[in-house]
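Before any comments, here is the structure.
We count ligands from 1, going down the list as the structure has it; atoms in each ligand are counted the same way. The figures here come from the full heavy-atom set of this structure, side chains too, leaving out hydrogens, waters and symmetry mates.
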Amino acid sequence: MTKSATTQGAGLRDVVAAPSSICFIDGEKGILVYGGYNIHELAENSTFEEVVYLLWNGRLPNKVELEALNQELVSHRGIPAAVIGLIKAFPKDAVPMDALRTAVSALSFYDPDHGDNSPEACRRKAIRLTAQVATIVAAIDRVRNGKEPLDPKPGLSHAANFLYMLNGRDPLDVETRAFDIALILHADHEFNASTFAARVTAGTLADLYAAITSAIGALSGPLHGGANEQVMRMLLEIGSMENVDGFVRKKLDAGQKIMGIGHAVYKTEDPRATYLRSMSEAIGKRQGDTKWFDISHRIEEIVVGEMTQKDKPIRANVDFYSASTYYMLGIPVDLYTPIFAVSRISGWTAHVLEQYANNKLIRPRSEYLGEMNLKYVPIDQR
Ligand code: COA
């Protein structure tokens, strides 16, 4: 290693890898900002489509611009018949994130701008991908359940259309709004693992589909997007309030992590969790059963209490209360991570466009810990 190279801490914590104007996080204060707007402003007032525009353009759209984006997204919701055929050929028990990764990769063959990496073509691909990831996720679920994928409904918003394509019925307004807020909250998160994976791939000037396929792979892991599914599996395993304390105690005593708690950047409450906590409680109350919220809340109380005593400031993250929220919206557990992608595709594409606009190959160094100057020993003498 050259003398000028320095070793960073494990996992590149707190390393600023590149400038970006898309998203800001203050991990100490629990602040999340997209393009200048606090996440609470956006969750309370905007729609997912407006946020997509904001992430791609650095400002909120006016009415005409928003309508134009809506129309473009709607017109690109359909996916090629060949990709539906491919989804039908997947094993029925394929993990939906694996199916999504493969289907998105295959989409590139059919993109009319395939092979064109100009800014205009990349923007068109970003629109198609943002529209089509939702269609693919719904199609994967329907096909594995022996149903035909539904054609998108042009009159519905992105959130409502996704729920329609998944469940085969128009969602209630409250369901649409809850899902739309979940999409807004998950849309971007600075240089998280999947976004960074997308930027690393884009940095080689590989195309947008290659970058997004990398991102989906990174999102699937249980330490990243996969955590929301693990949270729900844990809640189902616990099953009722009287089992919570014993379950959590056993896990913590065994030195195991409780999924959905802790964050690499936030040292205080993840502001997205604040929102999802109230959504989970509100949906439970409306449905007349707050069991999943109550169990989640008790787990949080125990873990946060114990960790605070040990001076480890960990709190619930975005995945903790999204699990019970999605469950109460009737979404199958193994679709939680694909649904994360339905939203995060907007942030991934924004970051890839930003990376292309000011590209520098991302190529860090390693700290070599191996041996040096060994002499080759013929194989029969080793
Ligand atoms: N449950 C119990 N203890 C936890 C914990 C959890 N979910 N998350 C962190 N800790 C503890 C660790 O064991 C560690 O203790 P130690 O210092 O005694 O080893 C300490 O808190 C710091 O955790 P660490 O894993 O080193 O922090 P990190 O910044 O590297 O990790 C995560 C961040 C997200 C990987 C980690 O909190 C985690 O694995 N959480 C569960 C998975 C999850 O929800 N991921 C989604 C993130 S949005």
Side-chain angles (χ1 to χ4, degrees), residues 8-17 23 25-28 30-32 39 97 182-197 215-238 244-277 280 295-327 333-334 336-341 343-344 347-348:
Q8 303 292 348
L12 299 179
R13 293 293 184 279
D14 296 325
V15 173
V16 173
C23 180
I25 301 172
D26 184 330
E28 299 294 329
I31 294 172
L32 170 60
I39 193 66
M97 274 304 272
L183 292 180
I184 293 169
L185 296 175
H186 287 83
D188 197 48
H189 213 227
E190 205 219 36
F191 280 18
N192 60 91
S194 56
T195 302
F196 197 60
I216 295 172
L219 184 71
S220 66
L223 295 189
H224 188 11
N228 52 14
E229 297 186 14
Q230 301 303 326
V231 172
M232 197 61 227
R233 294 188 203 292
M234 171 179 72
L235 298 181
L236 290 167
E237 191 183 337
I238 292 174
V244 177
D245 289 43
F247 179 95
V248 174
R249 188 66 280 132
K250 218 165 137 189
K251 279 256 180 201
L252 292 179
D253 288 350
Q256 290 173 2
K257 284 182 174 172
I258 305 290
M259 290 294 121
I261 311 255
H263 199 275
V265 178
Y266 293 115
K267 301 301 164 217
T268 181
E269 172 115 329
D270 177 340
R272 302 166 300 173
T274 316
Y275 231 90
L276 286 155
R277 186 188 289 107
S280 168
I295 294 179
S296 308
H297 198 244
R298 179 65 192 143
I299 298 172
E300 182 188 23
E301 228 169 44
I302 301 173
V303 180
V304 170
E306 173 147 339
M307 291 299 166
T308 306
Q309 275 183 3
K310 292 185 178 167
D311 210 18
K312 292 178 197 168
I314 63 168
R315 299 276 185 279
N317 62 47
V318 67
D319 295 311
F320 195 67
Y321 284 101
S322 57
S324 47
T325 302
Y326 292 157
Y327 194 77
V333 177
D334 59 0
Y336 295 2
T337 315
I339 281 170
F340 197 147
S343 163
R344 185 59 61 85
W348 289 334

Task: Residue shell around ligand 1, heavy atom under 4.0 angstrom - done: Arg13, Leu223, His224, Ala227, Lys257, Ile258, Met259, Gly260, Ile261, Gly262, His263, Ala264, Met307, Lys312, Ile314, Asn317, Asp319

Open item on the list: Taking salt bridge (Lys or Arg N to Asp or Glu O under 4.0 Å) as the definition, give me every residue that meets it alongside Arg272, ordered by chain and number, with sequence neighbours left out.
Closed with: Asp270

Task: salt bridge (Lys or Arg N to Asp or Glu O under 4.0 Å) against Arg277, all qualifying residues, sequence neighbours excluded - done: Glu269, Glu300

Open item on the list: Regarding Arg249 and Asp253, does a basic nitrogen lie under 4.0 Å from an acidic carboxylate oxygen?
Closed with: yes

TODO: Determine the interplanar angle of the Phe340 and His186 rings, folded into 0 to 90°, and report it as parallel if under 30°, tilted if 30 to 60°, perpendicular if over 60°.
DONE: perpendicular

Distance-only check: which donor-acceptor pairs under 3.5 Å involve side-chain atoms of residues 219-230, not counting sequence neighbours?
unit_1, atom_1, unit_2, atom_2, d
Ser220, OG, Gly217, O, 2.7
His224, NE2, Asn192, OD1, 3.3
His224, NE2, Ser194, N, 3.2
His224, NE2, Ser194, OG, 2.9
Asn228, OD1, Thr337, OG1, 3.1
Asn228, ND2, Tyr336, O, 3.2
Glu229, OE2, Thr337, N, 3.2
Glu229, OE2, Thr337, OG1, 2.8

Task: Name of the residue among Asn317, Val318, Ile25 meeting side chain to side chain contact (heavy atoms under 4.5 Å, CB included) with Tyr266 - done: Ile25

